[in-house]
Every structure is written in C-alpha cells, then in structure tokens.
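Written out below as structure tokens is the structure these notes cover.
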Amino acid sequence: MLDTKVTELLNQQINKELYSAYLYLDFSNYYYDLGLDGFGNWYKVQAQEERDHAMLFVQYMLNNGEKIVLEAIDKPAVELTDAKAVLEEGLKHEQYVTSLIHGIYDAAYSVKDFRTMQFLDWFVKEQGEEETNADGLVKKFELFGGDPKSLYMLDSELGGRVYAAPSLAL
C-alpha cells in the first residue's frame, strides 16, 4: 500500500493529465479552425499523449492495490486569442505539470517510497522533453510566424508529427 498523501496526489494527477488532454484538444480545435492543420495535428497528438499519461498513473495505482478516484474534468479556462498566445499557454501548462510531478516526487521521497519515485523518474524526464518542445514551438513561431511562407512550412512540419505510445514498463 502507498502512503495516503502519495495516493491522493497520484489520484489528482490522473485528473490533471486528463485535463491536459482536454486542454490540448481545445488547442487543436482552435488551430484547425484557423486553417493551421499542422498545429492542430501537433496538439491532437499531444492530447493523445496526455491521455496515455493518465492511463499510466491509473495502471500504477491499480498495480499497487489503490482505489482510483476520478473527478470532473474542468472546461479549459484559457482564452484562445491568437496562434502565438496558445503556444505560450502550452508552455506555461507544461511548466505547471512539471511542478505537479515534482510535488508527487517530493511527497514520495519524504516517506521513502522508492517504488513511486522510480515510477515518476520517467515523468520527470518526459516533462523536461515536454517543456523543451513547447518552448521550441514558441521560439519557432516568433521566428517564422510573421511570414506566411515560413508559417506554411512550419505548419507542414508540425503536420508530420505522429502519435507514439509511451514505452514505460509498469
């Protein structure tokens, strides 16, 4: 059995990951509406990843005999005003998720829950990649977003992203 606080945080993280999927699906729809299908695809793939992150937390909880408590998923509260602002919100959200993962890790560390810490190691690394990718999108948009031909090329590049399920062995 896991520590009560760690279990509570893991359950909350399931909801946060599902919210992330919902948020990124909203971003995806926004970009599709703008005609930036590559950006829409990038965030649709991102939504799939976040859903699978939630499922990894679910499976970890089940593997440890813990009860899953699902909560309502809030409607995204981010106002989608322009293409660059959405990317910046994506970066801020990834930084927030990183802080959540670190909080769970800290709680597990404080009770010497090495199994949960080992499970979270993958997420710590993943969040580093997520922040790097989100920051890179913001920077690329700043460089190329003002030029229609460059924006077209960037959109085409993002349209090539395909979904790859996480390979975390539980």
Side-chain angles (χ1 to χ4, degrees), residues 2-34 36-64 66-109 113 116-117 119-138 141 158 161-168 170:
L2 301 176
D3 175 76
T4 305
K5 180 65 176 173
V6 171
T7 299
E8 179 184 321
L9 291 171
L10 289 168
N11 263 310
Q12 288 174 7
Q13 192 63 30
I14 292 167
N15 186 266
K16 299 292 186 183
E17 296 290 344
L18 292 171
Y19 173 81
S20 295
Y22 202 45
L23 177 68
Y24 291 151
L25 184 57
D26 197 32
F27 288 6
S28 174
N29 293 335
Y30 174 79
Y31 283 117
Y32 280 121
D33 286 346
L34 289 181
L36 292 171
D37 292 358
F39 283 83
N41 174 68
W42 198 91
Y43 273 109
K44 183 170 60 174
V45 170
Q46 197 65 24
Q48 292 171 302
E49 280 190 10
E50 301 303 339
R51 182 205 60 218
D52 278 356
H53 292 170
M55 295 308 296
L56 290 170
F57 279 98
V58 166
Q59 191 60 53
Y60 181 75
M61 295 281 286
L62 292 173
N63 289 351
N64 284 280
E66 297 297 338
K67 182 173 174 47
I68 307 298
V69 180
L70 298 176
E71 301 291 340
I73 301 170
D74 293 332
K75 179 181 177 180
V78 176
E79 187 176 339
L80 308 178
T81 57
D82 68 70
K84 181 184 173 195
V86 173
L87 297 175
E88 291 169 335
E89 287 297 328
L91 175 58
K92 282 194 275 188
H93 185 72
E94 288 301 337
Q95 291 166 338
Y96 169 67
V97 172
T98 297
S99 74
L100 295 173
I101 298 296
H102 290 177
I104 303 168
Y105 201 100
D106 186 52
Y109 178 78
D113 181 352
T116 298
M117 290 164 55
F119 167 71
L120 291 171
D121 283 344
W122 183 85
F123 287 95
V124 170
K125 181 178 182 261
E126 175 71 5
Q127 281 309 120
E129 292 172 10
E130 297 286 11
E131 285 188 37
T132 298
N133 289 339
D135 185 55
L137 278 177
V138 171
F141 195 88
L158 297 177
R161 183 180 187 200
V162 295
Y163 178 69
S167 59
L168 176 62
L170 299 174

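Owing to the predicted nature of the structure, the values given are computational and were not obtained by experimental measurement. Values below: every heavy atom of this structure, side chains too, minus hydrogens, waters and symmetry copies.
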Task: Within-4.5 Å side-chain heavy-atom neighbours: Leu10 and Ile14 - done: no

- [ ] Kindly give the heavy-atom pair with the smallest separation between Leu2 and Met61, and that separation in Å.
- [x] CD1-SD, 4.5 Å

TODO: Check whether any side-chain heavy atom of Thr98 sits under 4.5 Å from a side-chain heavy atom of Glu131, and report yes or no.
DONE: yes

- [ ] Start with the C-alpha gap between Ile101 and Gln13, add the side-chain angles, then the distance that decides, and say whether side-chain contact (heavy atoms from CB on, under 4.5 Å) holds.
- [x] CA-CA 8 Å; Ile101 298 296; Gln13 192 63 30; 3.8 Å; yes

Open item on the list: Rounded to the nearest 0.5 Å, what separates atom CD in Gln12 from atom NZ in Lys16?
Closed with: 7.0 Å

Task: Sub-4.5 Å side-chain heavy-atom contact between Phe57 and Phe119 - done: yes

Open item on the list: With heavy-atom distances below 4.5 Å as the criterion, would you say the side chains of Lys67 and Thr7 are in contact?
Closed with: no

Task: side-chain hydrogen bond (donor to acceptor under 3.5 Å, both in side chains) partner of Gln127, chosen from Glu94, His53, Gln95 - done: Glu94

Open item on the list: I want to check something: taking the side chain as every heavy atom from C-beta on, are His102 and Asp106 in contact at a cut-off of under 4.5 Å?
Closed with: no

TODO: State, yes or no, whether a side-chain contact exists between Leu158 and Leu137 at a heavy-atom distance under 4.5 Å.
DONE: yes

Task: Reported CG-to-CD distance for the pair Asp135 and Glu88, which is rounded to 0.5 angstrom - done: 10.5 Å

Open item on the list: Minimum heavy-atom separation for Gly103 and Leu9, please, with both atom names.
Closed with: O-CD1, 4.0 Å

TODO: List the atom of Gly40, the atom of Ser28, and the distance in Å for their closest heavy-atom pair.
DONE: O-OG, 2.7 Å

Task: Residue pair Phe123, Ile104: steps toward the side-chain contact (heavy atoms from CB on, under 4.5 Å) verdict - done: CA-CA 11 Å; Phe123 287 95; Ile104 303 168; over 6 Å; no

- [ ] Return yes when atom OH of Tyr32 has more than 12 non-hydrogen atoms of other residues, nucleotides or ligands closer than 6.0 Å, and no otherwise.
- [x] yes

Task: Pairwise distance NZ(Lys75) to OH(Tyr19) - rounded to 0.5 angstrom - done: 10.5 Å

Open item on the list: Any non-hydrogen side-chain atom of Trp42 less than 4.5 Å from a side-chain atom of Tyr31?
Closed with: no

Task: Test applied, side chain to side chain contact (heavy atoms under 4.5 Å, CB included); reference residue, Tyr43; option that passes from Leu23, Asn29, Leu87 - done: Leu87

TODO: Among Asp33, Leu34, Asp26, find the residue that satisfies the side chain to side chain contact (heavy atoms under 4.5 Å, CB included) test when tested with Tyr30.
DONE: Leu34

- [ ] List the atom of Asp74, the atom of Tyr22, and the distance in Å for their closest heavy-atom pair.
- [x] O-CD2, 3.3 Å

Task: Atom of Leu91, atom of Ala134 and distance for their closest heavy-atom approach - done: CA-CB, 3.7 Å

Task: Glu129/Lys125 ion pair, N-O < 4.0 Å - done: yes

TODO: Output, in order, the C-alpha distance, side-chain angles, deciding distance and verdict of side-chain contact (heavy atoms from CB on, under 4.5 Å) for Val45 and Val162.
DONE: CA-CA 7 Å; Val45 170; Val162 295; 5.9 Å; no

Open item on the list: On a heavy-atom basis, which atom in Glu89 and which in Val78 lie closest, and how many Å separate them?
Closed with: CG-CG1, 3.5 Å

Open item on the list: So His93 and Tyr24, do their side chains get closer than 4.5 Å, heavy atoms only?
Closed with: yes

